[in-house]
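The structure under discussion appears below in the form of structure tokens.
Just so we're on the same page: letters track the sequence lines, and every chain starts at 1.
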There are 2 protein chains.
Amino acid sequence: MNMQTALRSVPPTSPMVRGAARLEASDSCQQIALPSFAAVESAMPWTARRLRRGAYLYRAGMPSTALYVVRFGCLKSSLAADDGDERVLDFPMRGDLLGADALAGQPCATDVQALEDSEVLVLPVSDFESACSRTPGLRQDLYRHFGTTLRKEREHLMRLGGMRAGQRLARFLLELSDRFAAFGYSPRVFNLRMSRAEIGSYLGLTLESVSRLFSRLKDDGLIRVDLRKIELLEVAALRAIAAGHELPHEVASGAVA
Amino acid sequence: MNMQTALRSVPPTSPMVRGAARLEASDSCQQIALPSFAAVESAMPWTARRLRRGAYLYRAGMPSTALYVVRFGCLKSSLAADDGDERVLDFPMRGDLLGADALAGQPCATDVQALEDSEVLVLPVSDFESACSRTPGLRQDLYRHFGTTLRKEREHLMRLGGMRAGQRLARFLLELSDRFAAFGYSPRVFNLRMSRAEIGSYLGLTLESVSRLFSRLKDDGLIRVDLRKIELLEVAALRAIAAGHELPHEVASGAVA
DNA sequence: CGCGGTATTGAATCAAGTCAAACTTCGTGG
DNA sequence: CCACGAAGTTTGACTTGATTCAATACCGCG
């Protein structure tokens with residue numbers, strides 16, 4: 001397909017896009033999804049693949065040939081509903097594992113598109129599977145990955161069913177905050193990589209509702225928001241909203257405690 | 001339908017509930033989730049466990065020790081939202097695999113309760129894991145299982161986000177119909193095992209809405225419904241609704257066939 | 001028989017969606 | 001570098017689908 005597009009336009013600094021086995025511990029990308037990955041004894045060939053903003057890693061229906069671990073950037077996995085328009089399922093970021101359908105020998109189930117310039121580690125499925133057969137720890141990691149993925153989906157289900165719009169958005173912001181924090185970035189100030197429409201699709205809301213909710217949070221002094229620049233001002237209050245306490249009513253008029 | 005094996009209650013003294021390795025092909029329970037399970041060469045100890053209506057297979061937070069495959073019956077997996085009330089995540093039935101958290105060494109993530117008298121196959125996790133290490137096919141099945149589970153969750157996500165209430169219920173009914181059909185039961189006439197409240201929780205609706213929607217479908221002549229007894233009369237029209245075409249307008253007015 | 005859990009139905013309310021318009025930002029190419 | 005058009009965002013007015021509250025009916029069961 002479009003292998004050429006973003007494939008190996010590798011940084012001039014590192015001539016080695018290919019490697020085998022053990023990555024340095026500092027390469028934290030796989031630490032999260034596959035902690036024991038670095039400990040794999042046998043050679044495990046891998047490739048890096050760069051994606052420009054807007055480029056697709058793969059699309060639904062394509063034969064799946066590899067697993068991917070996000071090294072940096074932010075992507076969007078989505079699926080076209082039968083009524084045509086897309087529904088956003090997740091925003092994979094550093095450390096997230098993608099393309100697990102490959103393990104089941106099934107075609108790609110979703111579209112995955114880069115929201116900003118990103119890079120993923122490519123793990124050919126056959127290599128991975130054979131590594132799995134040799135390495136219980138890797139299997140374990142994989143199970144854990146599936147477990148946490150399912151858990152996240154479940155939580156997402158909770159969000160969509162029976163949760164007010166404000167609650168959903170508050171959760172979304174806090175989740176993003178946590179993820180950025182885990183990367184060592186600021187949990188209070190960050191840039192959204194996705195549009196209002198994409199957030200809305202993810203949360204089961206319209207883009208207008210998302211916009212309105214942002215404005216509301218801003219008016220209430222809980223966040224600062226300018227386009228995609230976000231700053232969380234009252235995390236405690238946000239947590240309260242996320243927990244369902246719609247508003248402790250006139251939260252902190254002056255109390256920044 | 002419920003084979004005699006079902007009649008073995010579970011007195012601790014009964015040696016008959018234990019077995020090893022290859023189950024008969026007729027024991028279709030694992031065919032669905034784990035096709036190659038029956039082909040496992042080495043001994044794979046298993047136990048059957050019966051659950052009375054209302055009994056819990058496990059509860060969220062409990063240490064997980066085994067995988068389960070439903071042999072017959074209908075269960076409910078749910079999770080208490082932080083606001084207290086429970087959210088139904090799934091209605092596992094024959095062939096469905098439960099408790100995959102065990103593989104990741106994590107505690108049970110959900111509550112699982114029997115909606116009617118049910119039986120599950122118990123597969124101790126250590127045995128299962130060792131069988132996995134020896135049997136690529138079993139691993140493959142497992143991957144496939146995770147793949148389809150994720151796919152189902154995704155579909156469920158689609159339902160909850162951006163889908164009208166009528167659409168959700170229509171989908172729910174058709175999905176049930178398909179599952180029953182796969183079991184060899186009638187896809188047109190069946191009994192709901194769950195209450196309106198549970199359906200509502202599953203679909204992200206209130207029980208009143210569910211009730212109303214049932215009545216509406218009945219009035220429109222698409223289904224016959226009496227409490228939990230369901231008969232699908234106009235499957236095509238239901239599919240149309242499920243697909244988003246709200247109503248092909250005055251469907252078959254007169255055809256109560 | 002009457003009781004408790006379950007289901008249906010109605011009326012009023014409200015949250016979120018829809019439609020529409022104005023405005024800002026961003027990227028592209030002149 | 002600026003201008004332009006496309007895309008993204010905000011905001012308003014209005015509509016509506018679904019919830020909420022509440023009353024009633026029903027089934028199954030002891």
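- Here the P atom of nucleotide C/dC26 and the CG atom of A/Asp226 are 9 Å apart, to the nearest Å.
- A sub-4.0 Å separation between OP1 or OP2 of C/dT18 and a side-chain N or O of B/Arg164 is present.
- Residue-to-nucleotide proximity on DNA chain C shows that, of B/Arg212 and A/Ser209, the 5′-proximal contact is made by B/Arg212.
- Going from atom CG of A/Leu213 over to atom P of D/dT10 covers 11 Å, rounded to whole Å.
- A/Asn191 has its side chain out of reach of A/Tyr185: every pair of non-hydrogen atoms, C-beta onward, lies at least 4.5 Å apart.
- D/dT16 atom P lies 18 Å from atom CD of B/Gln167, rounded to whole Å.
- Looking only at side-chain heavy atoms (C-beta outward), B/Phe190 and B/Leu232 come within less than 4.5 Å of each other.
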Scan nucleotides 6-9 of chain D against the protein and return all N/O pairs shorter than 3.5 Å with their distances rounded to 0.1 Å.
residue, atom, partner, partner atom, Å
D/dT9, OP1, A/Arg228, NE, 3.1
D/dT9, OP2, A/Arg196, N, 2.9

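- Between A/Ile241 atom CD1 and C/dA15 atom C1' the separation is 15 Å, expressed in whole Å.
- Put simply, the side chain of B/Leu217 reaches to within 4.5 Å of the side chain of B/Leu238, judged on heavy atoms.
- The CZ atom of B/Phe214 sits 8 Å away from the P atom of C/dT8 (whole-angstrom rounding).
- In this structure, the CD1 atom of B/Ile230 is 12 Å from the C1' atom of C/dA7, given to the nearest Å.
- B/Ser215 comes within contact range of the sugar-phosphate backbone alone, with a heavy-atom separation under 4.0 Å but no base atom that close.
- Distance B/Glu208 CD to C/dC14 C1': 15 Å, rounded to the nearest Å.
- Among the heavy atoms of the strands lying under 4.0 Å from A/Gly204 are primed sugar atoms or P, OP1, OP2 only; no base atom is included.
- Atom CG in A/Leu205 sits about 11 Å away from atom C1' in C/dA15, given to the nearest Å.
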